Amino acid sequence: MKNQRQHIRKRLLASVFVLIGVTIVVFALIRLGNGDPAAMMAGDLATPEEIEDYRIRMGLDKPLIVQYFTYMAGLFKGDLGYSYVYSMPVRDVLAKRMPQTLMLSLTGFAWSTVFSIVFGIVAGTHQGSGVDFAAMFFAVLGQAMSTVWLGFLLILIFGVKLHLLPIQGFGGIEHLIMPGLCCGFGQAASQTRLMRSSMVDVIHEDYITATRARGISRKVTNMKYALRNAMLPIVTNIGFAFGKLFAGSIVVENIFNWPGMGNLMVQAINSRDYQLVQSILLISSVMLVFGNLLADLLYTVVDPRISLN
Amino acid sequence: MKLSTVLRRMRKSKLFMIGFTLLVIIFLVCGTSHFWVAWDAEQAVLRSRLAPPDWFANGLKGHPLGCDALGRDILTRLLEGGWVSLKITVLVTVISMIMGAFVGLVCGYYGGRVDMLVMRCCDILQAIPQLMLAICVVAVMGTSMFNLFFTLSVTGWIGTARLVRATVLGMKNKEFISASRVLGATGKRVLWKELFPNTLTPLLISASGHFGGTILLETSLSYLGMGVPVPTPSWGNLISDGRDYITSAPWVVIAPGIALMITILAFNFMGDGIRDVFDPKNTN
């Protein structure tokens, strides 16, 4: 227990350092680009004096190191900066977009997790059956599909041909179905495969044969004895998937014109809205680091055999 | 493992053979297409705008997959775009593997402060989602073919470096390394003659898994307008070209998606096959 607490503390500290590193990388990367945000804000007809005026107002006239520390100081106070394109604090811009992205990515995360676990278990316990074949077919094909193409295909089938679902935008639950499906598809495919192969491996272990030999029914053996071990690789995989939630939504949001952060990120990059891009990247990184941390910790919790030394 | 054993196992592995054969066909067809296709891949022909495939009732003769919004033959663009996408994928994978192998070997073998520093940098780069990092790099550098190579390679080597480093760490205290050192081998010699050949198997497995991911990333980047610059065709560009015509001309988007899927399937099959071939539990 003490070991565990120490391990968690160590990992948390490492994560904080990684995130500070991320702020430096992102800050430097964005400013390497050509294109002057002050000139962009001032417009095409601006005089050099006006551009200079914008530069001072946006704090871009100061040395980079000062800009960075100003940014970091704000960050620790919860201030993410100011978006000059939207003329409001970045926090307010994000507050408007974040719920939609969360809704979308959580939908994808939820269905892919439940679906892949159930499908994987059934396939793994019925090796060689029709269900098994279907699961493998889905897994293999799903991993080979481009999200962009899948999105277009869904739009074509359910939106254009069958007129069942709206093809873009944000609204009721029917607007969520296609983007949500698209968001979780790749994850569902790879995780189904993982769950199935993990189940197949465990079922062929000696202890399962021994359990069956004692006359315990197949169902109980599978659900009570096999599943617990078969779930181990899945648990960590779920942690990683959680971390990638936001990153995956960027393309899907563009396809379905979903008013979320992914869509915002592409716009912000094109309009050189530095502070906004920085914040979106940082939030995605926080998610990713947190997901990896979660995966790591869950692994030691669900599998007591793993020692932390 | 002896080369003859590897080749025999490869021949015996159905997955590997299916993937490999498919890839040979795809590479041959796409690679030579420039010499025998009937149309120009980039020249707009407004007369045949969005013409349906010629086996449709109202199709245009000579265009088996129809034409895109600028009247260019889709089959031609598919084949030539395929070559562009394949070149990018293979080159990026090779560069990533070389970078990853080099960093992994050096860090794993020498350890110390440099290893610490490089690995912490890897931690940081890996904490930024790859697609987002790639978008930022392209946004900063501008869209061009070279920048795409650069971006995909720079964001793609980290996993390999970690893998190679872990392999080296597991091996560097084994007897054969000590023996080599006792016989007077220099650090460089141990690194390149003893350790490096032993990392080739994990490297090969890692590479085979890398192709699919790279080609999908290229598609996503091209879709966001940050991939291969137009009018050069690539599978990513072809798919995103179909965006505005899903309703009126679905054939624009369907063909490249299928081509992409078959190619990734072939790469994945070959990858799974390679994994089986090098699996120590394999007794064939």
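Naming convention: chains lettered A, B, ... in sequence-line order (proteins, then strands); numbering from 1 in each chain. Computed from a predicted model, the values in this text were never measured in an experiment.
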I'd like to know which of [options] tops the heavy-atom pair count under 4.5 Å against chain B.
options	result
A:Asn254, A:Val26, A:Leu282, A:Val160	A:Asn254
A:Val289, A:Ile255, A:Ile24	A:Ile255
A:Met287, A:Arg193, A:Lys244	A:Arg193
A:Ala144, A:Gly21, A:Ala14, A:Gly262	A:Ala144

Checking heavy atoms, do the side chain of B:Arg243, its backbone, both or neither come under 4.5 Å from chain A? both

Contact part of B:Leu131 toward chain A, heavy-atom cut-off under 4.5 Å: side chain, backbone, both or neither? side chain

Which members of residues 252-265 of chain B, sorted by number, sit under 4.5 angstrom from chain A on a heavy-atom basis? B:Val253, B:Ile254, B:Gly257, B:Ile258, B:Leu260, B:Met261, B:Ile264, B:Leu265

To the nearest 0.5 Å, tell me how far [X] [atom1] sits from [Y] [atom2].
X	Y	atom1	atom2	result
A:Ile155	B:Ile246	CD1	CD1	4.5 Å
A:Phe152	B:Ser240	CZ	OG	7.0 Å
B:Cys136	A:Gln278	SG	CD	9.5 Å
A:Met265	B:Leu224	CE	CG	9.5 Å

Any chance [atom1] of [X] has more than 12 other-residue heavy atoms, nucleotides or ligands included, within less than 6.0 Å?
X	atom1	result
B:Tyr245	OH	yes
A:Phe158	CZ	no
B:Phe20	CZ	no
A:Phe27	CZ	yes

Give the intermediate values and the outcome of side-chain contact (heavy atoms from CB on, under 4.5 Å) for residues B:Leu125 and A:Val22. CA-CA 7 Å; B:Leu125 284 180; A:Val22 168; over 6 Å; no

According to ring-ring contact (aromatic ring centres under 6.0 Å, His included), who are the partners of [X], at least two apart in sequence or on a separate chain?
X	result
A:Phe256	none
B:Phe27	none
B:Phe267	B:Phe211

Under 4.5 Å to a heavy atom of chain B? For A:Leu156 that would be both

Whatever's closer than 4.5 Å to a heavy atom in chain B on A:Val266 counts as side chain

Donor-acceptor check, side chain of A:Ser146 to backbone of B:Leu216, threshold 3.5 angstrom: yes or no? no

When A:Leu288, A:Leu281, A:Val277 are each screened for side chain to side chain contact (heavy atoms under 4.5 Å, CB included) with B:Met132, the one that passes is A:Leu281

Considering all heavy atoms of both residues, which atom of B:Tyr223 and which atom of A:Val148 are nearest to each other, and what is their separation? CD1-CG1, 3.6 Å

Would you name the heavy atoms of A:Leu29 and B:Val140 that are closest together and state the gap between them? O-CG2, 3.0 Å

Could you walk me through whether A:Phe17 and B:Asp123 pass side-chain contact (heavy atoms from CB on, under 4.5 Å), step by step? CA-CA 10 Å; A:Phe17 277 110; B:Asp123 283 344; over 6 Å; no

Any side-chain heavy-atom pair of A:Val18 and B:Gln126 under 4.5 Å: no

Are side-chain heavy atoms of B:Ile128 and A:Ser284 found at a separation under 4.5 Å? no

